[in-house]
Amino acid sequence: MSKSWRFPLRAAALGAAAAAFSAAVLLAPASALAQKTIKFIPEADLKSLDPVWTTAYITRNHGYMVYDTLFATDAKFQVHPQMVDKYETSRDRLTWTFTLRDGLKFHDGAPVRSADCVASIERWAKRDVLGQKLGEMTESWTAVDDKTFRLKLKKPFAYVLEALGKPSSNVPFILPERLAKTDAFTQVTDATGSGPFKMVKAEWVPGSKVVYVKNTDYVPRKEAPSWAAGGKVVKVDRVEWLYIPDSATAANAINAGEVDWWQQLPSDLVPLLSKNKDIKIENTDPLGSTGMIRFNHLQPPFNNQKLRQALLYVVNQQDYAIGIAGDPKNGMPCASYFSCGTPLASDAGSAVLSGKRDLEKAKALVKESGYKGEKIVVLDATDQPIVHPQALITTELLKKIGLNAELQAGDWGTLITRRSSKEPVEKGGWSIFHTWWVGPDLATPALNAALRGAGEKAWFGWPNDAEMEKLRDAWFDAPDLAAQKKIAQQMQLRAWVTVPYIPTARFTVPTAYRTNLSGLLVSPMNLMWNVDKK
Amino acid sequence: MFAYFIRRLLATIPVMGVVALFVFSLLYISPGDPAAVIAGDIATAEDIARIRAKLGLDEPYLVRFGTWLWALAHGDLGVSIFTGLPVSRLIGQRIEPTLALTLCTLIITVAVAVPVGVVAAWKAGTWIDRSVMGFSVLGFSIPVFVIAYLLIMLFSMQLGWLPVQGYRSINEGWWPFTSHMILPSVALGTVYMALIARITRATMLEVLAQDYVRTAQAKGLSSSQVLIGHALKNASVPIVTVIGIGIALLISGVVVTETVFAIPGIGRLTVDAILRRDYPIIQAVTLLFSGVYVLINLAVDMSYTFLDPRIRY
């Protein structure tokens, strides 16, 4: 009996399906295992993608992930080329010519061209404080060819490189021209850059998660990384920013190993996490931030210089440092109008704030001021752990020197709206609010907006001090660092007299990370290149 | 009844209209300015004014309300001021976790509370009854976030059985989804378990004292037949009402739970939007919640006709 052989079609199909399934099952975990993913809890939720539209530090940090800069500042405050390969200046220092380095590409594959750089810088210069100064000095920006562009100045400006390498908000990131042509007051919602990471926008859940993957086309510089300068070598495949608003949950998540890195660890949780040998707690911000008491110079009673000076004699920076940072190790006095740890910081005239506290002197100044018991409104934002303790301490101090102070509690959203009111307190105005700025933002007269005396055009509080403005202009014209320092000291001496604001304390917020991470950069900005994961 | 259903459904339109007007007006007069939040600390008043103008926030009240209503009528919920993303997309991203959390909580709550309440009524005055009442008082008294932290400490940190935080979609697998839902659902459900267990017990006690129950017992029916077939069925109207109210309360309760467990749901979206004055999101979510409340009430009213044949509309 012959038996015809039949191909076992059904069995073969089942076998093939099983093999395919097994391969999928086996290969999928393998590829997942091969992926190095850092799970990171950022300081805030990423709401906006446009680092020119908003000054939010979280958006600045996002900018460093996806964009690159022409120049960058290192830990010694030196500016180095980043996207730029070489640059030259004319003898009269009026013409600057920049040439881009090879291999720069946007995430969509398009090469970075001079036109992209020119459009990006022009847009940035409309919003940024130093950019605006550069804009005032600029005659034109011109794209000479795809890799070369030129800046022509109206008069020599010593801070061209400092402006183009500005490390903190607003950072002059380079966007594709099609995006950079957007009005500076309209938000760009496309995160296409040429930086070391690419944002995976499809996985973005505002309020919860932002995903970045390594930009494999990125060509890092050869130099070692230092702040935002040097080689941006990405050592992981993927980074997930997981916004966890509740600090107890965030602490549990890093303790349990569900996340690798928590950018800003509240000081009260340091003892808890210190017990875990798999977690390191470090301070990666060398400059820290500075808190401040800001007065309303337009309305009584703080339109009176004597009254502002009175408070200067009773503010104890140590109290504010502990109030903000909790742990004395993370809060420290800094009686300087320019960020401590930066070249222009000094103790010129600082004794009024750092010397022995003098209640009697303060009361005498109150009397001299002719204070008539006007109501003082201190704005408080109870949802801001840096603002709230400052408001409480200041209100007590005001009462202590005999002032009629009232703490008006609200949230941060309300505070930043109310502070724009120039009305008297009876009509919804204010007398004092508190805030804080990161180190790089108070490092120079060009950046320290709170020090300016431009009257109603100045930052909230609107001090009117023509002498301070003159000194600031003179600083821009200073030929070298020694001259800059001298003028900065004069500005500080002037500020101790006119008291545009009072620096309350310098503080740092430690970072916590699992020991399987290495290579975290010490920088005022949170930078994620160079970080490896075991 | 169908006519009644349609009438009620149509009645939601003016209700939503009033809600829309109320929400918009409230936001208009409340302090806070998204332009100031966007501009940041370094901005000048002029910068803020320009951003406000770009966002159309400087338009008069009636123009803004009219524009919003017109867009709403065309199914356009607007665009988030901060992210620049459509509000419908943001709500779409967040609705699944909130829905999952609400449903899981509801299932756990009803599955535990109703039987426990029935047993407590059946064993009224015994240690079982006292224990149930004791636990329900405890359930009422402890805030959700305390229960949440206690559960995390025990089941995540000590035993390592369940994750601390986060959300996994059911598309990522049954166990990842369930493991991320257990603790939040139990934490959120505790207070509702207590509420429903107490209501079930009280209603059952009332029903168990009725003549027809005594008759059923005299006929020789088993305890379970009497309890479930006769008593529970007749006690179900107030229980369902409380469960309906509970769903509405659950929606507001998810805010705390979503924050503690870092679940990206509607509750957190709303709180974030309020803190930043992201008006289009606040308006859309409030309308959504109002719509859900109205529909839940309608569903509860409709359910009465199935539970009690005497009720007719």
Side-chain angles (χ1 to χ4, degrees), chain A residues 45-50 53-57 59 127-129 169-170 183-189 204-209 242-246 248-250 252-253 255-256 258-259 383 410-414 416-420 422 428 435-437 441 447 449-450 456-460 462, chain B residues 30-55 79-85 89-90 93-94 97 145 148-149 152-153 156-157 160 163-167 256 258-265 268-269 271-278:
Chain A
D45 175 38
L46 179 70
K47 289 284 179 213
S48 165
L49 303 182
D50 186 344
W53 191 64
T54 179
T55 55
Y57 294 137
T59 303
R127 294 297 302 275
D128 180 68
V129 59
S169 300
N170 303 87
D183 178 85
F185 288 85
T186 302
Q187 183 180 194
V188 170
T189 54
W204 180 31
V205 182
S208 177
K209 187 159 109 173
L242 305 169
Y243 177 56
I244 302 180
D246 184 69
T249 306
N252 286 332
N255 240 336
E258 289 180 20
V259 295
D383 59 333
D411 64 358
W412 180 243
T414 304
I416 59 173
T417 304
R418 275 193 69 183
R419 72 179 181 185
S420 63
K422 293 176 179 173
T435 186
W436 78 102
W437 292 31
D441 289 345
L447 304 172
E456 298 214 20
K457 284 188 177 170
W459 188 61
F460 308 101
W462 314 282
Chain B
S30 64
D33 182 358
V37 181
I38 291 159
D41 225 2
I42 306 167
T44 62
E46 286 70 30
D47 290 341
I48 294 173
R50 286 191 69 175
I51 293 172
R52 199 180 290 127
K54 279 282 173 191
L55 295 171
V79 172
S80 160
I81 289 173
F82 288 85
T83 62
L85 296 173
R89 181 186 153 180
L90 291 170
Q93 282 177 331
R94 303 302 194 90
F145 72 91
Y149 288 133
I152 290 171
M153 201 171 76
S156 305
M157 304 309 295
V164 171
Q165 51 80 42
Y167 173 75
V256 174
E258 285 175 0
T259 303
V260 172
F261 289 96
I263 296 171
R268 270 183 54 199
L269 177 72
V271 172
D272 289 348
I274 290 169
L275 288 174
R276 291 182 171 80
R277 314 294 193 266
D278 202 336

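Every chain is numbered from 1 and lettered A, B, ... according to where its sequence line falls, protein lines coming before strand lines. Basis for what follows: all heavy atoms, side chains included, without hydrogens, waters or symmetry-related copies.
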Treating B/Arg268 as the side-chain partner and A/Gly207 as the backbone partner, does any N or O pair qualify as donor plus acceptor under 3.5 Å? yes
Is a donor on one side and an acceptor on the other found under 3.5 Å between the side chain of B/Gln165 and the backbone of A/Ile244? no
Heavy atoms only: give me the nearest B/Thr259-A/Thr249 pair and the separation to one decimal. O-OG1, 4.3 Å
Portion of A/Ser48 that has a non-hydrogen atom of chain B nearer than 4.5 angstrom: both
Counting heavy-atom pairs under 4.5 Å with chain B, the top scorer among A/Asn252, A/Val259, A/Asp183 is A/Asn252
Note, A/Gln187 side chain near B/Ile51 side chain (heavy atom, < 4.5 Å): no
Select one option (side chain, backbone, both, neither) describing which atoms of A/Asp50 are under 4.5 Å from chain B's heavy atoms. neither
Which atoms of B/Leu85 are under 4.5 Å from chain A, going by heavy atoms: the side chain, the backbone, both sets, or neither? side chain
With respect to chain A, which residue among B/Pro34, B/Pro264, B/Ala262, B/Ala273 yields the maximal number of heavy-atom pairs within a distance under 4.5 Å? B/Pro264
Please classify the contact between A/Lys209 and chain B as side chain, backbone, both or neither, with a heavy-atom cut-off of under 4.5 Å. neither
Pick one of side chain, backbone, both or neither for A/Asp411, based on which atoms fall under 4.5 Å of a heavy atom in chain B. side chain
CZ-OG1 distance between B/Arg50 and A/Thr186, expressed to the nearest 0.5 angstrom: 9.0 Å
Assess the side chains of B/Asp272 and A/Tyr243: does a donor N or O sit below 3.5 Å from an acceptor N or O? no
In terms of heavy-atom pairs under 4.5 Å with chain B, which of A/Ala248, A/Ala253, A/Ala458 leads? A/Ala253
Examine whether an atom of B/Gln93 lies under 4.5 Å from a heavy atom of chain A, and if so say whether it belongs to the side chain, the backbone or both; otherwise answer neither. side chain
If you take all heavy atoms of B/Phe82 and A/Trp53, which pair is closest and at what distance? O-CZ3, 3.9 Å
B/Arg94 versus A/Ser208, closest heavy-atom pair with distance: NH2-N, 4.3 Å
Could you check whether atom OH of B/Tyr149 has more than 12 heavy atoms from other residues, nucleotides or ligands sitting under 6.0 Å from it? yes
Looking at A/Ala184, A/Pro206, A/Ala250, which makes the most heavy-atom pairs under 4.5 Å with chain B? A/Pro206
Please report the shortest heavy-atom distance between B/Val164 and A/Glu258, naming the atom on each side. N-OE2, 2.5 Å
Could you tell me which portion of B/Pro163 (side chain, backbone, both or neither) has an atom closer than 4.5 angstrom to a non-hydrogen atom of chain A? both
Contact part of B/Leu269 toward chain A, heavy-atom cut-off under 4.5 Å: side chain, backbone, both or neither? neither
In short, A/Thr189 meets B/Gly84 closest at the heavy-atom pair CG2-CA, 3.9 Å
Which answer fits B/Ser156, side chain, backbone, both or neither, if we ask what part of it has an atom under 4.5 Å from a heavy atom of chain A? neither
Using side-chain heavy atoms (C-beta onward) and a distance below 4.5 Å, is B/Tyr167 in contact with A/Val205? no
Value for CZ (A/Phe185) from CD1 (B/Ile48), rounded to nearest 0.5 Å, stands at 10.5 Å
State, with a plain yes or no, whether a side-chain heavy atom of A/Lys47 is found less than 4.5 Å away from one of B/Ser80. no
